[in-house]
K.L.:
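Let me begin by handing over the structure; questions about it come next.
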Amino acid sequence: MYFRSQRKLQGEVSLTDTLEAAGDGGTLSLMDVIAVDDHMLEDLDTRDACVKVRRCVQTCLTPRERMIITMRYGLDDRPPRTQREIAGQCGISRSYVSRIEKKALEKLQVGMEGWSP
């Protein structure tokens, strides 16, 4: 039985296993060789947060608010636009764009608190 259980573990390698022993007493382990991207978890969190925001924008806002927020923050994969640009495109005043944006952001804040990761 012992030999069968050891055969299953034959292909497994530990990150602390020594690959090469240096002459001066130092050792090189597999962990020393493998490069770790320190930003990987942050990138995943950012991507998840973006998906969460886009879903909330789609479900929490009216079509007009959605359009304003999408253009204002570049959620349509285009550069973010100014309130003045949005106002000109929609045929409304800049201050009205500002009011819609403020109301929409408040709705998003409330909506995002209710979303689970």
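Numbers here are sequence positions counted from 1. Given the structure is predicted, the values throughout are model-derived calculations rather than measurements. For the numbers below, each heavy atom of this structure counts, side chains included, while hydrogens, waters and symmetry mates do not.
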K.L.:
Using a 6.0 Å cut-off, check whether atom CZ of Arg54 has over 12 heavy atoms from anything other than its own residue.
P.N.:
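Atom CZ in Arg54 is packed in, count exceeds 12.
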
K.L.:
Transitively linked via ILVMFWY side-chain contacts under 4.5 Å: Ile92 with Met71?
P.N.:
yes

K.L.:
Between atom OG1 of Thr59 and atom CG of Leu61, what is the distance when rounded to the nearest 0.5 Å?
P.N.:
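Spacing of OG1 (Thr59) from CG (Leu61) equals 8.0 Å.
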
K.L.:
Using 0.5 Å steps for rounding, measure from the CD1 atom of Ile86 to the OH atom of Tyr96.
P.N.:
13.5 Å

K.L.:
When rounded to the nearest 0.5 angstrom, what is the spacing between SG in Cys56 and CZ in Arg66?
P.N.:
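Interatomic distance, Cys56 SG to Arg66 CZ, rounded to 0.5 Å: 11.0 Å.
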
K.L.:
Would you mind checking if Arg81 and Asp76 are paired as a salt bridge, meaning a charged N to carboxylate O distance below 4.0 Å?
P.N.:
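Yes, Asp76 and Arg81 are salt-bridged.
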
K.L.:
Establish whether Met67 and Leu105 are linked, either directly or via other cluster members, by ILVMFWY side-chain heavy-atom contacts under 4.5 Å.
P.N.:
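No, separate clusters.
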
K.L.:
The test is side-chain contact (heavy atoms from CB on, under 4.5 Å); show your working for Ile69 and Ile100 and say whether it passes.
P.N.:
CA-CA 9 Å; Ile69 292 298; Ile100 293 172; over 6 Å; no

K.L.:
Do Glu101 and Tyr73 have side-chain atoms, one donor and one acceptor, less than 3.5 Å apart?
P.N.:
yes

K.L.:
Working note: Leu108 + Val57, criterion side-chain contact (heavy atoms from CB on, under 4.5 Å); need CA distance, chi angles, decisive distance, verdict.
P.N.:
CA-CA 7 Å; Leu108 286 174; Val57 165; 3.8 Å; yes

K.L.:
Is the side chain of Glu106 donor-acceptor paired with the backbone N or O of Lys103 at a distance under 3.5 Å, no angle test?
P.N.:
no

K.L.:
How long is the straight-line distance from CZ of Arg94 back to CZ of Arg99, given to the nearest 0.5 Å?
P.N.:
10.0 Å

K.L.:
Do any N or O atoms from the side chain of Glu85 and from the backbone of Thr82 form a donor-acceptor pair under 3.5 angstrom?
P.N.:
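Such a contact is found between Glu85 side chain and Thr82 backbone.
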
K.L.:
Where is the tightest heavy-atom contact between Cys60 and Gly111, given as atom of each residue plus distance?
P.N.:
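Distance-wise, the nearest heavy atoms are SG-CA, 4.1 Å.
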
K.L.:
Return the NZ to OG1 distance between Lys107 and Thr62, rounded to the nearest 0.5 Å.
P.N.:
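So the gap between those two atoms works out to 5.0 Å.
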
K.L.:
Hey, could you give me the OG/CD distance between Ser93 and Gln83, rounded to the nearest 0.5 Å?
P.N.:
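One finds 10.0 Å between OG of Ser93 and CD of Gln83.
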
